[in-house]
Structures are given as C-alpha cells and as structure tokens.
Amino acid sequence: MKIIDKIKLIIRNIKLVNGFDRHIIFFNIIILSIGTATPFVNTYFSKYLTLFLSNESTPIYLTIGLIFIFLFAIAIIQILETLLYSETQKRNIKFHHNLNLSINFKCNRSTYMHILDKDFMDKKELAQTACNSGKHIALTNDIFNIIRNIVVISGMTYNLRMFPYIVFVALFVVVVGNVVTSIYTKKANYQMDVFESQFRIKTSYVRGVVNDSKYAKDIRVFGMEDSLADKMNKYDLEARQQIKKHYNSLFKKNVLVEVSAFIFNCVVYLSIGYAFLVEKSMQLSDFVFLIGVVSSVHSAFNGLTDNIISANSDLVYIKDYFSFIDLDSEIDQTDIEKCEDEIDIIKNIKFDNVSFMYPGTNEWALKKFSFNFEINNAYMIVGKNGAGKSTLIKLLLRLYDNYDGEILINGINIRSIDYSSYIKKISVVFQDYSLFSMPIKENIVPDGSVPDIMKVNKIFSLLSLMEKIESLSDKSESLLFRQFDKKGVELSGGEMQKLAIARGLYKDALISIFDEPTSSLDIYSEQNVLEVINSTKKNRIIIFTTHRLSMKNVASQIIVLDNGQICECGSPNELLANKGAYYELFSAQAEGFQSRDK
C-alpha cells in the first residue's frame, strides 16, 4: 500500500469514527495532552525533588509541600484518566455496535447472488474480524500515540547530549530489534486472524447444526452424533496446532526483545553510574534526571516504532472493512424510474427472450424463455427437477439481475423500477420458507409495521388455523420455537406451511407467487388452501410452481418447462387433450396414486 493511500485510509477511518461519535476523537485529544505532559512532569519533578532533598538548607516544609502537590496532581490526573477511559470505553462499545450494524446493513442491501458468493462472504468475514478486533479505534489511538511519542522524543532528546555514543548505539540496536519483532508480530497476528475467520465459518456451521432443533431428528435417526463430534474435534485440533505454532514463535521473538532491553539498561546505568560515582561529573539530581530522560526516550522510541507498525497492521484490517463496504453488491438503482403510478395495478408481466445461467456454471437454467402473464389469472408452472421453475421465480423477484433478455411490468423493464417500490408489489411463499423465533403475528407481518389483527385473524380463519391459534396461551402473541423461551410453540409441518401462506396472503400484493405451497399439507388442507388462494386472484397475477398436478383446477394456464425452455403451455384441458409432456407427467402421477391405493 502506497503512503498516500495509507494517509487517505487513515483520514477516512478518522472520519468514520468521528461520524459515529465525535466525542471519541475529543477524548483522545485530552488523553493525548495528558500522556504527552506526564513524562516531562515526572522527569523534572524527580530532578528538583532530589535537588531539594540533597540540599540541607532546604526547609522541610517546602519539601513536604512539593511532594504533596506532586502526589495531589498525580491523583487528579489518574482520576481524570479513569473517567476518560470509562467514558471512552462506553462510547467504543456503541461505536462497535454501529460498525456491526453497518456490516449487517451491507449484507441486507446486497443482492441474493452476492450472499451466495463465497468470495463475498469471505470478505464479509474479514470485515467482521476488523470490527470484532477493534482495529478502527486501535488505529485512531495509534495515530494519537505516534504524535505523543514524537513530542516526547523531540522534547527529551536535547538532554541526551552529555551521554557517550555507546548509549546511542545501544538505543539504536534496541529500536531496530523492536521494529523487526513488531513487524513480524503484526504480520503473524494478521495471518492468525485470517485463519480464525476461515475457521469460524466451519465451526459456526457445525455448532449451528448441533444446536438447531430442526436438525435434531436427522442427527439422531442417521447416527450423526459421532461424525459431527469428530468434525469438531478435527477443527479443534487444527486450531490448537495453529495457535501453538503461533504463540511459540511469538515467545521467541519476545524473549529477544526483553534481552535487548536488559542490555540497553545495563549500558545506560553503567554509563551514568560511572560519571556519577567515579568521575563525579554530575550531581545526584542530574543522575536521577538523566535516568528519567533515558527511560522516557527509550519508552517513547519503543512506543513510536510499535505504534507505527501497529498502525500499518491496523490499516490492513481497515482496508478489509472498507473493501467490503465499498463492494458494488447492491441492486443497481442508477437511471431508475419512479414508477409508483405505473405499478399501482399490474396488467401483465412479460418475459421476453430471457436466458440465464447461474454464476460458476456453464449450463442454461433458462433459455430464451418468453411468456406473457395476464392480470386476473392463475398460472401453474410444472416440470421435472431442474427444469427452471424456481429460477424463473428468482428472476421475477430480482434475486438475480444478470440475465439476458427483458422482464417487463406493464411494458416497463423491472431493472428500471425502484427496487423497494417494486418488491412491495410482490408476495411469495417459498418452498423452503423461513419462520422466525418471534411472536406468531410478527411472522405474519415481519416488516415491523403494526399488524391489522382483524385481517390476520380473518386469514387464520380462512386457512383453518384459528382454532390452533386460539388454543395457545398467548394466542398470536405466542413465540415460535424454543430458542429463547421454553414456552415457545412448536407447530406441525403443515401448520408452519399455513403460517407461511398466511404471511403471503396478508401482504396486499399485485403478484402472488407460491412455490410448492402445499408440500406439507394433507389433501383436505390442500384443497382448502387452494380455494383461498384462488379467491384472491381478482386484480392480481398468481403464479404457482409445483410437482402436485392435482392443483391444475386452480390454474388458468399451465406452463410446462424442460431444460429451461417451454415445451408446451395451455389450459389444463387443452394440455391433457394434446397428450404431450403435461399429459405424461399427469398420467405418471395419477398412476402412482392408483398403485398406492391398491
């Protein structure tokens, strides 16, 4: 990284810290002032106190008064530093909370395609490591400490003119040794953090599986307890070996630092002691003063080199954070049209020659797909696994935008419509729907708005859920699952799917999408749910994807996909009469039911 780039990154980081909480910088300036003055006060006070004590004519009350003033000043400074430290820590916690929110916000605003991308998530982990390790505040502190140490060295160096050259040689050797050791240490620490960020992904997943109740049945039925424990032991062994190697290496380097510091102190004390005891070229006060000066300069030089190297190390983390934040991962909103008026009612959805392949693959998931979905109709999309049904839905939801061709709403390309206003017009019930460990009503209305309880209860009644909800102790306020409360509610698979459908129906959308919406329902519940959904198609476009061809009675038209292309489409009766691909699928499924009945 070039020096100019480092300076820009430092300035950007200070602006970031100041933007979240400007008091952090203010408190650092006060701490800087105190820290800069302290070595000078201590050194000169020690000199003059020794001078007073060695002078027999000095009144005792003057000496005691001087000591009292010094101790009182130290007490005040320590109290002030404690208050500043306490306040700074509280604000640092708030800052790190906001920093975490910025990473979460970035993820939430990024496209679905990026969330599934390993490189994106690796960069997110590195940004999270920078955040969790406090590098933003550490860099700010390092910059202020660099300024402090430069001032101390500049102010104290003049007093070193009477020392023999060997002291300066010893100081140079110690500083160079510290520089080399610090560079190695910071580099090793960063490599360790990178290892831990990758390690955390693996272990978090395995721990999540072990601790998540939804995996509990599979773990026990398939005897996965030992294999999962073996994985954790393997990861743990790998981590312990890496940590042991890391700290053994650091220990050797730290021993070298301590030995060099010991040699330096010997040289300094012998030089000053010789001048004081043998040559008698200085007074006791000068002896004490010079010891303080050397100690301050030595400490400042070590601090300066460590701060500079630490700042360089921090910059690597800060760069990781900003590299993630600066990623162009959000939906492209350039040149958008505010089409609120145009999409108050959606008359049609047109797929025009749309082709798409998933990132990292070279096979078309959809290929030159063209179709026009009209208002007041329900469409059923069928086909074998991998035919392109779910892909079509993902493109309509703009989970992926990197496709060829156009998808048009009322003749307007969906890429040119403001995403937030567009997505409000669509509701979807995914096959792999998610319910959250929150109250039931918040699962129905998860966007934080106040639920319309009458509307919620009406939907529960239509889906035959009301009796179940009323039987719960807290009704729709009941918490789903038991992660946070042992009184949490565990529902059956069919009941949870109905909740997901209720969430889709609650949203007053102009496009309603149901991806295998009845996979967990019995035949009677399925019929009831389909009737409810079908009754809502006025002024809407409803799209089903399914393998259960018994749902044909709710569809105005059926689209049969094969290898990402339409192989036939038409009304259910037309397709059965044609005896084509749909007829074959329907017959095979019907034959399967008949075989089971026998």
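For reference, positions follow the sequence shown, starting with 1.
- One N or O on the side chain of Ser355 and one on the backbone of Lys368 form a donor-acceptor pair closer than 3.5 Å.
- Judged purely by distance below 3.5 Å, without hydrogens or angles, the side chains of Ser449 and Asp447 pair a donor atom with an acceptor atom.
- Taking the six-membered ring where tryptophan is involved, the planes of Tyr358 and Phe356 are perpendicular, since the angle between them exceeds 60° and thus also 30°.
- For Asn376 and Glu374, the side-chain atoms include no donor-acceptor pair closer than 3.5 Å.
- Of the N and O atoms on the side chains of Gln431 and Ser519, not one donor lies less than 3.5 Å from an acceptor on the other residue.
- By the side chain to side chain contact (heavy atoms under 4.5 Å, CB included) test, Lys231 is found to be paired with Tyr235, residues two or more places apart in sequence or in another chain being considered.
- Side-chain atoms of Phe514 and Thr546, non-hydrogen and from C-beta on, never get closer than 4.5 Å to each other.
- The salt bridge (Lys or Arg N to Asp or Glu O under 4.0 Å) with Asp21 is formed by just one residue from the set Arg91, Lys90, Lys94; it is Arg91.
- Atom NZ of Lys394 has more than 12 heavy atoms from other residues, nucleotides or ligands within 6.0 Å.
- In this structure, Asp122 pairs ionically with Lys118, as a charged nitrogen and a carboxylate oxygen lie closer than 4.0 Å.
- Residues passing the ring-ring contact (aromatic ring centres under 6.0 Å, His included) test with Phe430: none are found, sequence neighbours excluded.
- Taking Phe371 as the reference, Phe373, Tyr379 meet the ring-ring contact (aromatic ring centres under 6.0 Å, His included) condition, with sequence neighbours excluded.
- Using a distance-only test at 3.5 Å, with no hydrogens or angles considered, a donor-acceptor pair links the side chain of Lys498 to the main chain of Leu463.
- Between the side chains of Asn413 and Ser416, no donor-acceptor pair of N or O atoms lies under 3.5 Å.
- Dense packing is recorded around CG of Asn457, with more than 12 heavy atoms of other residues, nucleotides or ligands lying under 6.0 Å away.
- Between Phe436 and Phe481, the ring centre distance reaches or exceeds 6.0 Å.
- Relative ring orientation between Tyr321 and His136 is described as perpendicular, the plane-to-plane angle rising above 60° on a 0-90° scale split at 30° and 60°.
- Counting non-hydrogen atoms of neighbouring residues, nucleotides and ligands closer than 6.0 angstrom, the CD1 atom of Ile523 reaches no more than 12 such neighbours.
- Counting non-hydrogen atoms of neighbouring residues, nucleotides and ligands closer than 6.0 angstrom, the CG atom of Asp328 reaches no more than 12 such neighbours.
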